[in-house]
Each structure stands twice: as structure tokens, then as C-alpha cells.
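To start, the structure itself, in C-alpha cells.
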Amino acid sequence: MGNPILGEQSAARARISPFYSSQAWIEGRAEDQLAQVAAWPGMAAVAGFPDLHPGRFGPVGAAFLADRIWPQLVGPDIGCGMALWRLDLPRHRLKIDKAVRRLAVLDRGADPDEAASAWAAAGLEGVIGAEGLGSIGGGNHFCELQAVEEAVPEATTLRPGDLCLLVHSGSRGRGAQIFEGLDVSWKQGYAADSAAGQRYLALHDAAMAWARLNRALIAGLAAEALSCAASLICDTVHNQVVARDGLWLHRKGAAGADRGLVPLAGSRDAPSYLMSVTDSVPEALGSVSHGAGRRYDRASMHGRVRKTKSDLAALTRNRFGGRVVCEDRDLLMEEAGPAYKNPEAVMRDLSDLGLARPIARLVPLITFKSAGKAIAGEAE
DNA sequence: ATGTCC
């Protein structure tokens, strides 16, 4: 800024507002990416959250306000989000082994006819198809049964001993297809009023609706498997672009802070939080963390996890007496607890910086990814 | 991220 040589570059770069403390686990590479994106044309403001980590097209755990639309700042999983549901099944009535077996039906996904008619109600069949609705997918996606351990009674109806479902999924192949099918001009960003920009927005909005319905169908399948009802507490998207202040706000691994409640996913071996959030800090761009954030990338987790039979078996249990259902050996290692930052530290930073306060703490009892043939065959 | 790439 005061530097006569770098002065011009600094002037061209958008302001970056970091929302994390000096103790936060933030890779230098993630901050480098943040600075690079801040220098893209038309960038007005950038916010980084304590779950910030490097991503393929830009950092994850950040929000970007620009005069144009940058599809790579949303990424392939358009509309990906976290939905939290309360179950009318108390923890003391839960039999974990039985629940694990019953949840294997999630592998099959939603009934295609039911999915198609639910999607038809949205009126978007002409834009993208219903195929695949009601499926969790891979990567960091999951359907997790959680128990409320602590709650602020004045702020939530959740009480210790209640069970919840946290569903993390997105637009699956639909979003990926939209992203890969984009015209090359997206590399300079789209003007919102251009034909390409309008087309992207229409597809983006359809993918958002698809992803939201996908999460609802997954929760419905899980509740049915557990013979109980699920009621929605909140559903928050963290990969999206929305109009804000006459500009375009991109959220990449950052949830909207304008809907009151946001889940902060921990990991399969650490608690999650339900947060009360406010859009009162302008530099945060109406956004907040959606999870603990990756500490180690997928590739390096293979070297960090021991691969003996007993070590791998240990990865299917957690410190809360819970279970991990994941037939995919690679994913079992890549998504192990140590792959994620400490959610408590992320929560503390958000709280200290005035972006959110915890109103419930939830521990993972069953983290479901995929059952595979072995367990699916056991299911009654 | 991907009815995923060898």
C-alpha cells in the first residue's frame, strides 16, 4: 500500500477481510489463493473464514463480491449445502447397530418415480433431469445421525438427548455437467446480462433447487429407515452465486448468514454446531463458515492413516461410541477425523469475531456414506 | 464435486 513499487497492484486488488484468529489453522497456500482471486477483474471485496483451505479453482471457506459472475468461484457442486433435521426419535430409544443396518437403504437412493414427481412439482424438468435425486454421493458428502449434547434453551427447541440428521450433499452429476459444459468465455467471468451469464444463472438456480430437494429426499429416506419423522431446522447452501448490493456474491464453502440458523459441520470424529448467525458485519459479505474445513488434503491423508486391518477397522468407530458406514476404503481414509480442523476452534473464532454464536452442540452417532454390498445384504 | 480416471 505505502510501497511505491507494489502500490499499483495493491490498489487493483479487492479488500480481503480475514475472519480468523492468529491461532487458526490456515495454510499459506489458501491465503495465496485468496489474494490471487482478490486481484481478478471486477472483484470488489473478499472475505475469508476460519475453515479456509486451498481448493482447485480458488480457496474454500470464502465469499467473493464481484461485478460479474465467476462460475469457478461456485465450483462444480452448484447448490451444495447442509440441511439439519430434528427426528422425533429420542436418543435413548436408538439402537445403533440396528440403525446402521437399516440406513443401508440410502445406497439405493430415492424411488425414481417419487423423485421424478417431486422434481416435476418444482417445474424444472425441462432444465435438468430428476435422475439421481435422493443420493448422497461421494467426496465429503454424508448423512449423519447426531445427538444433541448441549443446547441454549432460549435460542432453540433442541434439547440434550434429541436426535438430528445432518445431510451434506449437492447437485451431484447435474451441477458437474453444468460446470463442465460452460463456454470457455467463463474464464473471464460472465457479465450478468450476457446470454452466457443468463444461461448460467438459469442452470445454477435449477441446480440449487435440485440440490435442496436432494437433501430433503435423503433425510426422508433416512427417517423412514429409522421409523420416525424428520422436521427441518435449516437448510443452508454453501456453493452459490447470488445478487447482493447490485453486485454478485459468490459463496465457496461459505453459508449465507441471512437466514438466522446455520449448521457448522465438525467431522465424523468431532462435534457439529447449530449456530445463530447475523448479517451485521458488512466485511463478512453476509456469509459464515459451514464446517470445520479441511486440515489435510485427500492425497496426504493416505500417508497419514495407518493401513493395517485393525487401524482401518478403528476408522469405522468414533470417540462418541458412534459408527462410520463407508465401504469405500479410500474415502474412509480421506475423510477420517484428522483430515478436518478442530470445529471448536472454528466456532470460537466465528463467535469472537461477532459472526455467529453456538446454540447447540451435536455429536456424531452414525456417519453414513455408503454401505456397499456387505452391509446392504445384511439389511432386513 | 463427478451414474468420476486408469
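Throughout, protein chains are lettered first and strands after them, A, B, ... in sequence-line order, and every chain is numbered starting at 1.
- Counting non-hydrogen atoms under 4.0 angstrom, G173(A) reaches the backbone sugars and phosphates but no base.
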Polar atom pairs (N or O), protein with nucleotides 4-6 of chain B, under 3.5 Å:
none

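- A distance of 6.0 Å separates CZ of F320(A) from CG of D269(A), quoted to the nearest 0.5 Å.
- Separating the CD atom of E334(A) from the C1' atom of dT2(B) is a distance of 14 Å, rounded to the nearest angstrom.
- The nearest whole Å value for the distance from the CG atom in L133(A) to the C1' atom in dT2(B) is 16 Å.
- Between R174(A) and dA1(B) there is no side-chain polar atom (N or O) within less than 4.0 angstrom of OP1 or OP2.
- Looking at R215(A), its side chain does come within 3.5 Å of a backbone N or O of S169(A) through a donor-acceptor pair.
- Using modelled atom types, one side-chain atom of N239(A) and one backbone atom of D77(A) make a donor-acceptor pair closer than 3.5 Å.
- For the pair N239(A) and dA1(B), the criterion of a side-chain N or O lying under 4.0 Å from OP1 or OP2 is not met.
- Looking at every heavy atom in both residues, L84(A) comes nearest to P263(A) through CB-CG, 4.3 Å.
- Aromatic ring pairs are classed by plane angle as parallel below 30°, tilted from 30° to 60° and perpendicular above 60°; the pair W25(A) and Y296(A) is perpendicular.
- Distance CG (N214(A)) to P (dA1(B)): 14 Å, rounded to an integer number of Å.
- R298(A) has its CZ atom 9 Å from the P atom of dT2(B), to the nearest Å.
- One atom, CD of E180(A), and another, P of dA1(B), lie 14 Å apart when rounded to the nearest Å.
- Residue contacts shown for R172(A) are limited to sugar-phosphate atoms, with no base heavy atom under 4.0 Å away.
- At least one donor-acceptor pair closer than 3.5 Å links the side chain of H290(A) to the backbone N or O of G253(A).
- I136(A) places its CD1 atom 11 Å from the P atom of dT2(B), with the value rounded to the nearest Å.
- Looking at heavy-atom distances under 4.0 Å, G175(A) makes no contact with the nucleic acid at all.
- Every residue meeting the ring-ring contact (aromatic ring centres under 6.0 Å, His included) condition with F19(A), not counting sequence neighbours, appears here in chain and number order: F49(A).
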